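Okay, structure first, notes after.
Bear in mind the structure is a predicted one, so any value in this text is a computation, not a measurement.
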Amino acid sequence: MANEEDDPIIQEIDVFLARSLLEKLYLFQYPIRPASMTYDDVTHLSAKIKPKQQKVELEMAIDTLNPNYCRSKGEQIALNVDGTCTDETNTYSSKLMDKQTFCSSQAASNVSRYAAAVYRKGELHLTPLHGILQLRPSFTYLDKADAKHREREAANEGGDSSQDEAEDDVKQITVRFSRPETEQARQRRVQSYEFLQKRQAEEHWVHLHYYGLKDSRSEHERQYLFSQGHGLAENTELIKSPSEYLMMLMPPSVEEENSKPVAPSNVLSMAQLRTLPLADQIKILMKNVKVMPFANLMSLLGSGTDSTAVLRCIQQVAMLVQGNWVVKSDVLYPKDTSSPHSGVPAEVLCRGRDFVMWKFTQDRWVVRKEVAAVTKLCPEDVKDFLEHMSVARINKGWEFMLPYDEDFVKKHPDIVQRQRMLWMGIQAKLEKVYNLVKEHLTPKKQESQSGHPLLVSGEQRVNMAKAKVKQNYGQLEKEFQKQKTELKSNDTSSKIDVSNIHIKEEPVSDEEPMDTSVYEGLNNGIVNGLHTEEDSTDSLNGHLPGGCSDRVAQELKAFVSSTFKKQFVLTLSELKRLFNLHLASLPPGHILFSGISDKMLQDMVLDIGCKQILVPFPPQTAASPDELKVYALWEAGDIYDQHRQVLLEIFSKNYRVRRNVIQNQLSQDLNKQEVDRVLKDCCVSYGGMWYLKGTVQS
């Protein structure tokens with residue numbers, strides 16, 4: 001007690017567990033940097049990884065203009081490695097050792113005890129580390145120099161050796177056949193160092209794109225270090241009741257567990273289900289049910305469950321289709337699995353099922369032959385997709401199995417809007433993969449496809465038509481009388497000729513075509529639970545209501561200006577992606593949710609002083625129209641404006657450019673560091689060539 005009084009608690013800090021980067025976060029330990037290299041603004045030329053081995057190689061530029069850099073030594077190393085010849089295979093194209101390669105090794109085999117912590121506003125957010133890698137300099141270039149030295153010696157001795165071989169007598173050789181390998185010999189061979197080295201060398205490198213500290217993608221990824229929801233499903237492990245905490249400290253004995261009857265592996269009782277974390281409960285339910293309204297999900301989770309936490313978790317494992325939640329394709333078809341019918345890999349199955357889900361966001365009906373023709377999958381796989389979320393109707397097609405949940409759409413417009421943006425991204429990917437034509441993108445308006453199919457006789461159609469005409473006539477009559485009374489009561493100088501006002505009388509005819517659906521317009525134009533108009537095909541996020549255009553323009557201008565001051569060069573596709581991320585970070589009801597079209601976004605880009613760069617893309621490019629539109633900030637107000645404009649002029653005539661061409665154009669006024677700065681603002685390097693940002697077609 002005395003010790004506790006001497007050491008009082010000064011502050012209590014809430015601890016949150018962030019899971020967004022689980023199994024993705026690595027800690028890189030760099031060596032003590034040389035005087036000629038700083039890691040703060042170092043240029044990463046390339047990066048690649050072997051995921052299974054957790055092995056990384058980084059190639060970094062060395063500041064050759066630093067006074068601590070020995071230029072003669074750098075030239076000597078480049079000469080030893082590449083020789084005097086000049087070609088594309090040279091390690092150092094500048095005839096100077098201007099880059100250094102770092103190779104990683106695992107610092108610890110068990111990293112489960114380590115986590116990255118971020119402290120913000122009195123909260124400590126922890127993210128478990130997946131690996132800790134130590135980066136050390138790689139000297140493979142010395143091996144290359146030795147190999148070239150041996151080749152030169154072999155070439156010099158080639159004449160003598162050929163004469164000696166001619167003088168040698170013919171020798172007898174003996175052919176031997178190896179014995180069959182035993183199991184023990186095979187195990188020894190598999191465990192040998194040579195075999196393990198061969199296996200590691202067989203794994204292919206995966207090339208990575210490096211994003212700097214101030215890049216928008218880096219800023220976006222850093223947000224995942226924070227817990228996405230306080231007190232929600234991600235932090236349920238840190239919030240336990242006294243009984244649950246006691247159960248963790250003193251789990252039941254093994255004998256008691258063995259005495260219980262063992263259920264099949266795919267069967268889980270509701271009592272067992274509710275002992276799991278909320279996120280796992282929702283995932284298991286959605287994986288088994290496939291399609292479920294939100295109200296039914298809340299009833300299965302039991303009373304007292306926070307609906308906000310459920311909404312947070314359901315978006316991780318399901319997508320919104322017609323106001324109902326449908327389990328995601330990657331949950332049903334995990335990575336490295338395949339179809340039981342055709343053996344098609346999970347990636348192709350997920351793409352085909354996403355196409356079916358997307359079709360149901362457009363219409364209540366889907367035709368099986370159309371899905372098979374687009375996805376090129378076998379009929380059994382397509383049938384499985386449709387049976388997950390729809391019901392077959394004879395001579396009509398497949399109808400979505402649940403009615404449109406209008407209550408959920410009205411109660412949660414922010415969720416609906418976010419889901420709609422996700423579906424727009426999925427639609428863009430599907431258009432690119434399947435080369436969808438206009439007939440696939442526009443929903444089919446079928447008179448017989450309504451929420452509830454009805455059988456209406458001819459006499460009923462005539463009666464319905466007469467009732468509809470009478471109703472319309474009565475409404476027009478009321479409007480006419482109302483206008484007439486208003487004109488009489490207003491003493492204005494301008495008189496309106498009431499006799500020119502006519503009421504449209506619709507003829508009552510037995511042959512007039514009638515609307516047979518009582519749910520008129522309910523399912524036409526549904527996009528993820530939103531009713532869209534036919535003239536909104538150019539809209540990015542909806543329609544702009546009147547009276548708020550000035551505020552919307554100010555908000556949009558602020559976003560576009562700040563984005564281009566950071567990026568300098570953006571394609572329209574990348575700008576729309578950043579704008580959608582910006583919308584997702586805004587609170588519900590923000591003015592920008594009222595709707596921004598593609599045309600408004602492009603007009604604002606030009607208004608802030610940007611110019612469109614007409615990059616000559618290759619004729620066989622697979623880029624989308626939005627990826628072909630490249631915009632650049634023409635004047636940023638700094639000393640590099642003129643040099644950036646020269647660089648942009650170069651790329652208006654060339655799709656990709658070698659560095660020496662750019663160096664010749666800019667080196668008259670700029671040194672190497674300043675040229676690197678201009679290139680970093682506008683370009684990316686890939687495969688030894690330089691491209692404008694966003695135009696690389698890998």
Tell me if the CD atom of E347 is crowded by more than 12 foreign heavy atoms within 6.0 Å. no
For Q642, does the CD atom have more than 12 heavy-atom neighbours from other residues, nucleotides or ligands under 6.0 Å away? no
Using modelled atom types and a 3.5 Å cut-off, is there a donor and acceptor pairing between side-chain atoms of Q612 and backbone atoms of Y631? no
Sequence neighbours excluded and cut-off under 3.5 Å, please list the side-chain donor-acceptor pairs for residues 71-81, or say none.
{"unit_1": "Q76", "atom_1": "NE2", "unit_2": "N80", "atom_2": "OD1", "d": "3.0"}
{"unit_1": "N80", "atom_1": "ND2", "unit_2": "Q76", "atom_2": "O", "d": "3.3"}

Decide, yes or no, whether a salt bridge links D676 with R659 under the criterion of side-chain N to carboxylate O below 4.0 Å. yes
Between E627 and K432 (salt bridge meaning N to carboxylate O under 4.0 Å), is one present in this structure? yes
Quick one: are [X] and [Y] in side-chain contact, heavy atoms under 4.5 Å?
X	Y	value
W634	L648	yes
P128	L17	yes
K99	Y92	yes

Tell me, with the steps shown, if K48 and V206 meet side chain to side chain contact (heavy atoms under 4.5 Å, CB included). CA-CA 5 Å; K48 54 186 179 180; V206 178; over 6 Å; no
Let me see the working for Y114 and L27 under side chain to side chain contact (heavy atoms under 4.5 Å, CB included), right down to the final yes or no. CA-CA 10 Å; Y114 300 97; L27 175 64; over 6 Å; no
Not counting sequence neighbours, which residues clear salt bridge (Lys or Arg N to Asp or Glu O under 4.0 Å) with D603? List them please. K599
Partner set under side chain to side chain contact (heavy atoms under 4.5 Å, CB included) for D638, not counting sequence neighbours: A636, Y640, D641, R644, R677
